[in-house]
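Structure record follows, encoded as structure tokens.
Proteins get letters first, then strands, A, B, ... in listed order; numbering begins at 1 in each.
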Protein chains: 2
Amino acid sequence: MPRGECRGQGWWHGKFRGCGYRLTLGREAILEVLAKSEKHLSAEDIYMKIHPRHPNIGLTTIYRTLDVLSSLGMIYKLDFGDGRARYEFAEGPKGAHHHHHLVCTGCNRVVDYTDFIDEEVELLQQTEKGLGKKYNFKINNHIIQFYGLCEKCSGKK
Amino acid sequence: MPRGECRGQGWWHGKFRGCGYRLTLGREAILEVLAKSEKHLSAEDIYMKIHPRHPNIGLTTIYRTLDVLSSLGMIYKLDFGDGRARYEFAEGPKGAHHHHHLVCTGCNRVVDYTDFIDEEVELLQQTEKGLGKKYNFKINNHIIQFYGLCEKCSGKK
DNA sequence: TTGTTATTGAAAACCATTTCCATTAATAGA
DNA sequence: TCTATTAATGGAAATGGTTTTCAATAACAA
């Protein structure tokens, strides 16, 4: 199932079915929350958002679904070093909103930046290709993150 | 305490003292293990290596010491996504052995690569400077990691 | 040598995530 | 539409890396 032929309402029907997954209420609800929401939600954040409307969807299901969505490439699993995973909607194919993260180690605020992205992407592709060949890796993902202190936290210190 | 004026046997004495830390057996033992060892040790790895010689050093102390060393910039705390932190000795100043990591998501093998490092470092510095100014961050760290499947794991599939 | 206080070890607590297992429900086929 | 199959679910319990607690110990300054 080549990633990326998705767009429009309900495109995920095919995505699920095509991979032998069933389309359930929970899965749709979670996808919807991630698609609409501010970014970087934790499993519990998602649970909280979904619970009022779907009180019968448990946290376990959230975790399981997030794994599925993540393995389908529909969402990204992120780690900002605060001990809980965060998830963000993978905005369609072709990296339309490709960005990386700038994390404040003081207050855990996260800034999505797109500055220098073109240069980054170019270097990443080059590196990916080089490394892949040299070490015989089939590379399919990368992380770039910057850590520091935001204005507020820098002052506090 | 400006990082980086360290070299030679026992340079850490000053590093510790200068920051109000005491120099203890445990701290030296842990530093030594990290300095000598293959890279990417987990807290428990370190515990196992130290235990035969120092059976009275507990895992708790390992964790506490790793925090201290990490906050002093003497070691790096790494996350390869397998649920446990790894640590690696910060090889002196000036990024003498600056490298990044290529992680196999199949078997968790980690390759340290230095290919394209110069280009990377240049871009990183540029980005760091740009982001720092634009978002008023005092950036002091970054991560770059590639994930994929190594030859073996790629075949298995 | 002595007093102060950072450091320690062991056990318990923490807490995000996973596993278990009996129940439910999505889907394919009749 | 109805039915059988089996993936998906939820609640409770387990997991496991890391942190906290607290009384005992030991590094260091004087």
Side-chain angles (χ1 to χ4, degrees), chain A residues 10 12-31 33 40-72 74-75 77-87 105 108, chain B residues 10 12-31 40-72 74-87 105 108:
Chain A
W12 47 69
H13 284 68
K15 192 109 184 178
F16 280 122
R17 298 277 179 75
C19 299
Y21 290 110
R22 291 177 181 176
L23 185 60
T24 68
L25 205 82
R27 286 174 181 172
E28 283 204 292
I30 292 169
L31 251 188
V33 165
H40 316 146
L41 299 178
S42 69
E44 194 163 355
D45 290 339
I46 296 169
Y47 177 75
M48 299 300 251
K49 292 213 174 220
I50 284 184
H51 195 254
R53 205 179 287 261
H54 303 284
N56 47 334
I57 292 182
L59 189 52
T60 308
T61 295
I62 308 275
Y63 276 108
R64 272 186 296 225
T65 299
L66 288 170
D67 275 352
V68 171
L69 296 177
S70 181
S71 76
L72 286 177
M74 301 168 83
I75 64 176
K77 184 176 187 177
L78 308 172
D79 170 27
F80 298 140
D82 67 340
R84 70 191 57 200
R86 310 273 169 173
Y87 300 85
T105 51
N108 289 322
Chain B
W12 47 70
H13 284 68
K15 194 111 186 178
F16 279 122
R17 298 277 177 75
C19 299
Y21 291 108
R22 291 177 181 177
L23 185 59
T24 68
L25 203 83
R27 286 175 180 170
E28 284 203 291
I30 292 169
L31 250 187
H40 316 147
L41 298 179
S42 69
E44 195 164 355
D45 290 339
I46 296 170
Y47 177 75
M48 299 299 252
K49 291 213 175 219
I50 284 185
H51 196 254
R53 206 180 287 261
H54 303 283
N56 47 333
I57 293 181
L59 189 53
T60 310
T61 295
I62 308 274
Y63 276 109
R64 273 186 296 225
T65 299
L66 288 170
D67 275 352
V68 171
L69 295 177
S70 181
S71 77
L72 286 177
M74 302 169 81
I75 64 175
Y76 296 126
K77 184 177 187 177
L78 307 172
D79 170 28
F80 298 140
D82 67 339
R84 70 191 58 198
R86 309 273 168 173
Y87 300 85
T105 51
N108 290 321

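Inter-residue side-chain proximity for B:Ile50 and B:Met48 is flagged as unmet; no heavy-atom pair is nearer than 4.5 Å. Between A:His40 and A:Leu78 there is a side-chain heavy-atom pair separated by less than 4.5 Å. In this structure, A:Arg27 and A:Trp12 have side chains that are not in contact, with every pair of non-hydrogen atoms separated by 4.5 Å or more. Residues B:Ile46 and B:Glu44 are not in side-chain contact: their nearest non-hydrogen atoms beyond the backbone lie 4.5 Å or more apart.
A distance of 11.0 Å separates CZ of A:Arg53 from CG of A:Leu25, quoted to the nearest 0.5 Å. Taking CG from A:Leu31 and CD1 from A:Ile75, the interatomic distance works out to 7.5 Å, rounded to the nearest 0.5 Å.
The distance between atom NE2 of B:His54 and atom P of C:dT7, rounded to the nearest whole Å, is 18 Å. Rounded to whole Å, atom P of C:dT7 lies 14 Å from atom CD of B:Glu28. In this entry the distance linking OH of B:Tyr47 with P of D:dG16 reads 18 Å, nearest Å.
Looking at which nucleotide of DNA chain C each of B:Ile62 and A:Ser42 is closest to, the 5′-most match is held by B:Ile62. Heavy-atom distances to DNA chain C give each of B:Gly20 and B:Gly58 a nearest nucleotide, and the one nearer the 5′ end belongs to B:Gly20.
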For this session: Treat primed atoms plus P, OP1 and OP2 as sugar-phosphate and everything else as base, then score nucleotides 18-30 of chain C 5' to 3': B for base contact with protein heavy atoms under 4.0 Å, S for sugar-phosphate contact only, - for none.
Result: BBB----BBS---
Exercise. Would A:Phe16 and A:Leu69 satisfy side chain to side chain contact (heavy atoms under 4.5 Å, CB included), going step by step from the backbone distance to the final call?
Worked result: CA-CA 9 Å; A:Phe16 280 122; A:Leu69 296 177; 3.6 Å; yes
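Considering only residues two or more places apart in sequence or on other chains, B:Arg86 meets the salt bridge (Lys or Arg N to Asp or Glu O under 4.0 Å) condition with B:Asp45, B:Asp82.
For residues 78-85 of chain B, proximity to DNA chain D is found at B:Gly83, B:Arg84, B:Ala85, defined as any non-hydrogen atom under 4.0 angstrom from a strand atom.
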